[in-house]
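The next block holds one structure in the form of structure tokens; read it before the comments.
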There are 2 protein chains.
Amino acid sequence: MVIYMILNAEKKSLTRSDKRADRTRKKLEAAALEVFTEYGLDATTIEDITQRADLGKGTFYRHFKDKEEIATFLVDLSIDELLERLRSTNKHITTLYEALEHLLDAHYKFFLEEYEKFILLFQGRLLVKLERRISEKMEGPYDRYLRELEKILSPFVGEKIDPMKIRRLACAVAGFVFGFFSFAMIGMEMEQVESSIQPLRQNFVRSLSSFLGQLPENNKEEKKSNNF
Amino acid sequence: MVIYMILNAEKKSLTRSDKRADRTRKKLEAAALEVFTEYGLDATTIEDITQRADLGKGTFYRHFKDKEEIATFLVDLSIDELLERLRSTNKHITTLYEALEHLLDAHYKFFLEEYEKFILLFQGRLLVKLERRISEKMEGPYDRYLRELEKILSPFVGEKIDPMKIRRLACAVAGFVFGFFSFAMIGMEMEQVESSIQPLRQNFVRSLSSFLGQLPENNKEEKKSNNF
DNA sequence: CATATAAATGACCATATAGTCATATCTGAC
DNA sequence: GTCAGATATGACTATATGGTCATTTATATG
């Protein structure tokens with residue numbers, strides 16, 4: 001215990017109060033993510049959050065201005081995490097085919113490992129275009145997301161870059177990925193979704209390659225396997 | 001006026017009261033569709049609806065039990081309309097390529113001509129898998145939708161039909177189509193979306209063909225045009 | 001240990017919304 | 001024209017939720 005405190009002593013010299021506040025805030029974030037996923041962003045009340053976090057209602061307002069603030073924060077956080085997955089890879093990517101494969105994998109793992117964040121992003125995405133009384137602040141994260149996709153794809157599209165074209169492609173990829181998972185959630189059980197991804201993988205990438213007008217350079221591992 | 005009444009006389013002998021009630025109900029439906037699209041399903045209140053319809057609040061409850069009932073009704077109606085578009089075509093469809101082309105066109109026109117219904121479906125869709133306090137009744141329509149897609153696609157997938165595979169494909173197609181439009185709405189202006197569809201069309205269909213493991217039988221109109 | 005500061009609390013108030021119902025308006029039959 | 005039945009209305013009640021704040025509990029300091 002003492003050791004722990006010493007080790008953390010130089011860690012920005014957080015007082016015990018600060019750490020308590022941090023813990024509380026984290027509890028609120030975790031609880032909010034849970035209930036947002038369960039009830040939906042709109043249907044969730046502040047008390048849903050504080051009850052789930054096992055905290056008093058007033059506590060919420062010490063940490064967030066209102067529901068929108070915490071929702072925006074979580075959407076932003078989730079996008080950050082997804083972008084981090086999109087950016088980082090150990091493999092060196094040289095072809096469009098590899099790039100798409102990586103994109104698919106990253107999204108898929110995000111969907112599996114951060115299911116709640118996926119659902120949250122899905123919800124937030126919708127809200128963006130509704131002329132709501134609240135929330136224009138949510139547009140930013142999705143723009144960042146689309147721009148990251150553009151950045152990853154553009155090196156492989158060659159030719160002079162028409163921003164409009166790249167944007168279309170990014171929308172297509174994002175739509176494809178998010179759309180598939182979201183409909184799969186309706187039409188299948190979770191295990192079925194999981195067992196579908198592997199066989200879908202090649203077709204998925206091939207179809208996106210085709211979408212980009214480039215067929216994968218005859219990779220041996222599949223001829224006409226068509227094993228979706 | 002008299003003529004009108006005579007013409008309509010045999011039309012189920014609707015009394016003027018009946019017609020008044022029908023008109024009122026239609027007004028409510030139209031108003032609800034509008035405000036659902038603007039504010040979102042959850043954020044919309046009953047008074048939003050009646051005000052938009054220029055009717056008293058109590059009137060709403062003479063026609064619908066609650067918000068969920070009218071929402072469910074509208075979702076169902078919208079799915080019906082989309083399915084009708086998917087089913088009906090003057091062209092005789094013999095290849096997968098044609099089938100996909102038709103599917104894309106039908107969805108695209110629905111998106112353009114019934115924008116509000118598209119948004120509504122998109123919202124309702126989202127609600128489905130949330131463990132919500134309300135609404136499991138909304139799941140049905142989307143299941144019908146997926147099943148219709150399966151029905152349209154299955155003749156072209158050949159082989160012994162594994163229902164699971166067909167279901168995957170339906171999810172992929174639905175996800176692709178809905179997903180693209182939804183992200184396009186974020187990333188582009190409406191006119192840009194419109195002007196994107198035409199050039200995207202071929203790539204769209206080709207990519208879906210590829211997704212299904214079948215390439216389009218070398219149609220002449222495009223070699224390597226790649227004009228997305 | 002005593003005192004001061006920060007964090008957490010939940011009772012409390014104000015407001016918004018769902019849903020009701022007595023009343024008013026419109027319609028149909030005679 | 002009049003009466004009965006159907007439809008529409010909006011003031012009203014009950015409830016739920018957002019947001020506040022005086023009080024309590026935990027932490028820091030000397």
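Naming: A, B, ... by sequence-line order, numbering from 1 per chain. Keep in mind the model is a prediction, meaning the values are calculated, not measured.
Applying the salt bridge (Lys or Arg N to Asp or Glu O under 4.0 Å) rule to A/Lys117 yields the partners A/Glu81, A/Glu114; only residues at least two apart in sequence or on another chain are considered. Partners of B/Glu150 according to the side-chain hydrogen bond (donor to acceptor under 3.5 Å, both in side chains) rule, which considers only residues two or more places apart in sequence or in another chain, are B/Arg167. Shown here are the salt bridge (Lys or Arg N to Asp or Glu O under 4.0 Å) partners of B/Glu69, two or more places apart in sequence or in another chain: there are none. For A/Arg20, there are no salt bridge (Lys or Arg N to Asp or Glu O under 4.0 Å) partners two or more places apart in sequence or in a different chain.
Remark: P of D/dG18 and CZ of A/Arg62 are 20 Å apart, rounded to the nearest angstrom. Nucleotide D/dT7 holds its P atom 15 Å from the NZ atom of B/Lys26, rounded to whole Å. A straight line from CG of B/Asp22 to C1' of D/dA8 spans 15 Å, rounded to a whole angstrom. Between the P atom of D/dT20 and the CZ atom of A/Phe60 lies a distance of 12 Å, rounded to the nearest Å. Put simply, CD on B/Gln51 is 13 Å from P on C/dA16, counting in whole angstrom units. Separating the CG atom of B/Asp48 from the C1' atom of C/dT17 is a distance of 10 Å, rounded to the nearest angstrom. The interatomic distance linking A/Glu68 (CD) with D/dG18 (P) rounds to 14 Å, in whole Å.
Sequence neighbours left out, not one pair with a member in residues 53-65 of chain A passes side chain to side chain donor-acceptor pair (under 3.5 Å).
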Along nucleotides 18-30 of chain C, 5' to 3', which nucleotides get a B, which get an S, and which get a -, given that the test is a protein heavy-atom distance under 4.0 Å? BBB-----SSS--
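OP1 and OP2 of D/dT7 both lie 4.0 Å or more from every side-chain N or O belonging to B/His63.
The shortest non-hydrogen separation linking B/Thr50 to B/Leu28 is CG2-CD2, 4.2 Å.
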